[in-house]
**Q** 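Before anything else, here's the structure in question.
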Amino acid sequence: MQCSNCGNDLRPDTKFCPKCGALSAQATAHAPTAPPVPSPAPAGSFGDGPRPQFGGSPMGGPPKKSGCGKVLMILAGVGVLGLVALSIAGYYGYQYAKVKLKASEAYTVAIAALKGSPTVAEKMGEIKETGFPLGSFDENANGSGAAAYKVSVTGTKASGVYDVVMRRQHNRWALVTGRVTLADDEVINVEPAAADARTDNTAVDDNPVAPPPPPLPPGLVGGRIVSGGVLNGKAISLPEPAYPPVAKAVHAGGLVPVQVVVDETGKVISAEAVSGHPLLRQAAATAAKQARFTPTMVSGHPVKVTGTITYNFVAQ
């Protein structure tokens, strides 16, 4: 047997080579196996420390609880409370508006005419309930106004929808037209109550004939004013009148003559609708006041002129 290190001849029972001192192969085969020695842990270097997890918490540490869920729950609670508050406010607002409108003169006059109609009593019986009026109400500080609305009505015999057109003059409301449409499409016309009957003999058809001009304004008689007849073609500026929403709701239309007085400079100083649909008169008079004319000369001197401006409203 030879030494595996230097090649020296060894006896069979030799454990170490006498020449180089190396352990013989036979001793190596019978020697106990030593446990492995763990390699030392590498020294720490930059970038090798514990790294945080995604979201900012350290690796291996307990996850942080997010406050987003609590915020959403709070917002949801606030939203629910807001909806409840809005519902309550809307309900009481509706009830207040309902009581307010039903107590108005425009409403009570129309309902009085409805309940006083013999035809309504025959077809519908006694009126037991009236609904919320839906439409337009226009009440001006000068005592004028107009209204057009619908209201549901229930009688002991039948139910229907009441269509109303009203006007206000001198701070008083009066029924212009009233019509009840029953469930079977039968129509009942409602006439104004006796206390609300008009006494001005005003025609309400869509194509009225202009009545004779009213008397001249005080202080403008004699040589200081002349009659100009129909003035539409003599205007240098003639704005179109606005179509009132209440008139549009009932498809009102037709001719509306407006009596005007034009001063020495060509400016309209007075305008009054003398006939036509009641819901169109105010709009026509307002437009006529914006008209302008070339001054009228008599013997070299400018004079006032009275005449008529006629507007034609096309029902929409």
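Only a predicted model underlies this, so the values are computations on that prediction, with no experimental measurement involved.
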**Q** Which heavy atom of P133 sits nearest a heavy atom of Y149, and at what distance?
**A** CB-CD1, 3.6 Å

**Q** Quick one: pull up OG in S159 and CD in E129 and give me the separation to the nearest 0.5 Å.
**A** 8.5 Å

**Q** Going through the distances and angles, do F293 and T265 end up as a side chain to side chain contact (heavy atoms under 4.5 Å, CB included)?
**A** CA-CA 8 Å; F293 298 85; T265 66; over 6 Å; no

**Q** Find out if a path of hydrophobic residues (ILVMFWY) with successive side-chain heavy-atom gaps under 4.5 Å connects V230 to F313.
**A** no

**Q** Should we count NZ of K267 as having more than 12 external heavy atoms under 6.0 Å?
**A** no

**Q** Tell me whether D163 is salt-bridged to K150, with the criterion being a basic N under 4.0 Å from an acidic carboxylate O.
**A** yes

**Q** What are the two closest non-hydrogen atoms of A284 and Y311, and how far apart are they?
**A** O-CE1, 3.5 Å

**Q** Atom NZ of K157 and atom CD of E126: how far apart are they, to the nearest 0.5 Å?
**A** 11.5 Å

**Q** Atom CD1 of I127 and atom OG1 of T154: how far apart are they, to the nearest 0.5 Å?
**A** 8.0 Å

**Q** Would you say that T310 contacts V256 through its side chain, given a criterion of any heavy-atom pair below 4.5 Å between the two side chains?
**A** no

**Q** Any idea which heavy atoms bring E264 and P302 closest together, and the distance?
**A** CG-O, 3.4 Å

**Q** Is the shortest heavy-atom distance from the side chain of L114 to the side chain of V153 under 4.5 Å?
**A** yes

**Q** Between V190 and S117, which heavy-atom pair has the shortest distance, and what is it?
**A** CG1-CB, 4.4 Å

**Q** Please list all pairs passing the salt bridge (Lys or Arg N to Asp or Glu O under 4.0 Å) test where one or both residues lie in residues 177-187, with sequence neighbours left out.
**A** K123-E186

**Q** Rounded to the nearest 0.5 Å, how far apart are CD1 of I269 and NZ of K289?
**A** 11.5 Å

**Q** Are side-chain heavy atoms of V187 and N189 found at a separation under 4.5 Å?
**A** yes

**Q** Can you pull the salt bridge (Lys or Arg N to Asp or Glu O under 4.0 Å) pairs that have at least one residue in residues 107-120, sequence neighbours excluded?
**A** none

**Q** Nearest 0.5 Å, what's the CZ-CH2 distance between R168 and W173?
**A** 6.5 Å

**Q** Just verifying a value: how many Å separate Y162 OH and I188 CD1, rounded to the nearest 0.5 Å?
**A** 11.0 Å

**Q** Is the closest side-chain heavy-atom distance between T177 and V250 below 4.5 Å?
**A** no

**Q** Say whether Y107 and T130, considering side chains only, have a donor N or O and an acceptor N or O under 3.5 Å apart.
**A** yes

**Q** Are any of the side-chain heavy atoms of N232 and L238 separated by less than 4.5 Å?
**A** yes

**Q** Let's go through T294 and K234 carefully: what are the C-alpha distance in whole Å and the side-chain angles of both, what is the deciding distance for side chain to side chain contact (heavy atoms under 4.5 Å, CB included) to 0.1 Å, and is it a yes or a no?
**A** CA-CA 8 Å; T294 301; K234 301 176 182 179; over 6 Å; no

**Q** Closest heavy-atom contact between S275 and P257?
**A** OG-CD, 3.2 Å

**Q** Looking only at heavy atoms, what is the nearest atom pair of V180 and M124, with distance?
**A** CG1-SD, 3.8 Å

**Q** Dump the intermediate steps for side chain to side chain contact (heavy atoms under 4.5 Å, CB included) on V260 and T306, then the final yes or no.
**A** CA-CA 6 Å; V260 299; T306 181; over 6 Å; no

**Q** With clusters defined by side-chain heavy atoms of hydrophobic residues (ILVMFWY) lying less than 4.5 Å apart, directly or transitively, does I111 cluster with V161?
**A** no

**Q** R281 versus E272: any side-chain heavy-atom pair under 4.5 Å?
**A** no

**Q** Look at the side chain of H277 and the backbone N and O of L279, then say whether any donor-acceptor pair between them is shorter than 3.5 Å.
**A** yes

